[in-house]
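Treat the numbers as computed from the prediction; the structure is a model and nothing was measured. In what follows, every chain begins at residue 1, and chains take the letters A, B, ... in the order their sequences are listed.
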Protein chains: 2
Amino acid sequence: MASNVFKDQVYTELARVTTAISNPKRMEIIDVLSQKAYSVEELSKEVSMSVASTSQHLQVLKSAKMVVTSRNGNFVIYSISDDAVLKLVSSVKEFGFRKIAEIERLIQDFKTGQEGLETLTLDELRVRSKKSNILLIDVRPEEEYEAGHITDALSVPLDQLKKRMKEFPKSKTIVAYCRGPLCVMAGDAVSILKRNQFKALRMEEGYVEWKLKQYDLN
Amino acid sequence: MASNVFKDQVYTELARVTTAISNPKRMEIIDVLSQKAYSVEELSKEVSMSVASTSQHLQVLKSAKMVVTSRNGNFVIYSISDDAVLKLVSSVKEFGFRKIAEIERLIQDFKTGQEGLETLTLDELRVRSKKSNILLIDVRPEEEYEAGHITDALSVPLDQLKKRMKEFPKSKTIVAYCRGPLCVMAGDAVSILKRNQFKALRMEEGYVEWKLKQYDLN
DNA sequence: CTACTTTTCAATGTATTTATTGAATAGATA
DNA sequence: TATCTATTCAATAAATACATTGAAAAGTAG
């Protein structure tokens with residue numbers, strides 16, 4: 001049957017896409033690259049792996065057309081090829097978080113470990129920022145902020161927070177965000193702020209989630 | 001670092017989701033189950049594999065919570081757990097079809113093999129069915145039609161088409177659909193109809209694509 | 001309770017995937 | 001062109017995934 005061969009080929013191609021994201025490290029790499037482009041060496045530090053292994057993972061992602069390369073001097077810079085990749089990963093997460101109880105439990109354990117921080121969603125933020133006085137801060141490294149950030153957010157990298165929080169008005173509620181639900185920086189920021197008598201909340205969603213939401217609004 | 005352990009665990013869980021769909025046969029199984037529920041034995045025929053292998057694939061999908069089981073007499077009936085699975089798979093396909101040139105080429109080769117049939121999308125169907133006289137037929141097996149079909153479609157399983165087409169008015173344009181872009185039945189139906197002097201078009205999308213679209217409209 | 005059917009499990013051999021190390025390459029800079 | 005550096009390739013060893021066969025189990029029906 002000729003059409004059977006065709007069918008098998010198509011499913012094999014589709015599986016090539018899912019195989020590319022079937023590895024935990026590669027998922028993490030995509031998440032990191034979703035924030036900003038990286039060289040192989042930088043990235044290997046970010047995901048705690050040898051340069052050679054990182055390179056190999058990147059090649060898998062590249063052959064699945066999920067990342068693209070450019071060159072900057074000696075460095076090869078990897079970046080996400082297309083917003084369709086963000087959507088794909090986002091729908092994997094949506095399914096994963098909803099369905100896999102184990103993930104829910106892990107996140108729960110982790111959150112309660114973080115002093116029971118109060119959290120906020122993007123939608124809640126939009127509503128509250130109209131009513132009350134809110135200061136939205138982006139605690140990711142400055143390069144990631146520069147590569148793209150939520151409108152009206154102030155860049156306050158985590159390692160500068162202690163110095164810079166003196167500028168913050170105590171009258172405002174401070175909302176911190178970072179890379180998204182799996183990222184710990186915003187939680188750390190809120191802890192620090194609270195210890196210093198600020199009203200502070202963490203927003204679980206990050207820049208990527210916000211960006212994807214913008215499409216839906218248009 | 002405690003948060004590193006957490007992160008690795010979460011990515012491992014997420015990868016469990018993508019690993020479940022990282023195999024061509026499992027993708028095919030999900031597609032088949034998207035049309036209607038099947039027993040292991042039926043399914044193994046549908047995807048041309050041994051019963052034991054099919055069972056093992058189903059267990060992988062079950063442990064990823066993508067399918068659920070029920071019992072009917074001696075048979076264990078597998079079905080898709082949730083429409084979130086359809087959405088996930090649909091976004092994989094969306095990315096796959098858009099990005100992977102090889103798939104595009106395969107589909108192109110396949111289509112041109114099918115006598116250059118004229119095709120129609122769901123959106124075009126909606127527009128045209130208001131203006132002109134259209135008869136929409138569902139050429140999948142009757143059980144799949146009964147498990148769910150596009151509103152106003154007439155069930156005409158492919159193997160009954162030759163007898164039943166006598167009822168069709170020659171004044172109407174006949175639009176045939178089946179399981180979706182990878183399915184060959186609608187193409188076969190159109191070929192037969194054209195050979196018998198009907199005006200006939202194939203719609204590439206199938207019932208699942210239509211169903212997902214209904215959500216977006218609400 | 002027994003017989004029967006469908007599904008699952010276990011064992012096997014093969015193939016793929018993965019992280020690491022160390023060597024090779026490609027490309028930029030001088 | 002020669003040198004230097006980041007990246008990629010190759011080889012390895014361990015682990016995991018895969019399809020098949022045949023046996024075991026689970027559950028229905030009589």
**OP:** Please work out which residues in residues 53-62 of chain A have a non-hydrogen atom less than 4.0 Å from an atom of DNA chain D and list them by number.
**Re:** A/Ser55, A/Gln56, A/Gln59
Taking N or O atoms only and anything under 3.5 Å, show me the protein contacts with nucleotides 26-30 of chain D, one pair per line.
{"unit_1": "D/dT28", "atom_1": "O4'", "unit_2": "B/Asn74", "atom_2": "OD1", "d": "3.2"}

Subject >> Qualifying residues under salt bridge (Lys or Arg N to Asp or Glu O under 4.0 Å), relative to B/Asp123, sequence neighbours excluded >> reply: B/Arg126, B/Lys213
Original post:
Of all residues at least two apart in sequence or in a different chain, which pass the salt bridge (Lys or Arg N to Asp or Glu O under 4.0 Å) check with A/Arg140?
Top reply: A/Asp138
Subject >> Covered region of DNA chain C, 5' end to 3' end, by chain B [heavy atoms, under 4.0 Å] >> reply: C/dT5 to C/dA10
Subject >> Under the salt bridge (Lys or Arg N to Asp or Glu O under 4.0 Å) test, residues paired with B/Glu144 that sit two or more places apart >> reply: B/Arg179
Original post:
Considering residues at least two apart in sequence or located in another chain, which fulfil the side-chain hydrogen bond (donor to acceptor under 3.5 Å, both in side chains) criterion with B/Glu42?
Top reply: B/Ser39
Subject >> Residue list, side-chain hydrogen bond (donor to acceptor under 3.5 Å, both in side chains) with A/Lys36, at least two apart or on another chain >> reply: none
Original post:
Using the C1' atoms of five pairs at each end, what's the angle between the two axes of the helix from C/dC1-D/dG30 to C/dA30-D/dT1, to 10 degrees?
Top reply: 40°
Subject >> Contacts of A/Arg71 that satisfy salt bridge (Lys or Arg N to Asp or Glu O under 4.0 Å) - sequence neighbours left out >> reply: none
Original post:
Under the side chain to side chain contact (heavy atoms under 4.5 Å, CB included) test, which residues partner B/Val60, sequence neighbours left out?
Top reply: B/Ala20, B/Arg26
**OP:** Hey, could you give me each pair passing salt bridge (Lys or Arg N to Asp or Glu O under 4.0 Å) that has a residue in residues 51-63 of chain B? Not counting sequence neighbours.
**Re:** none
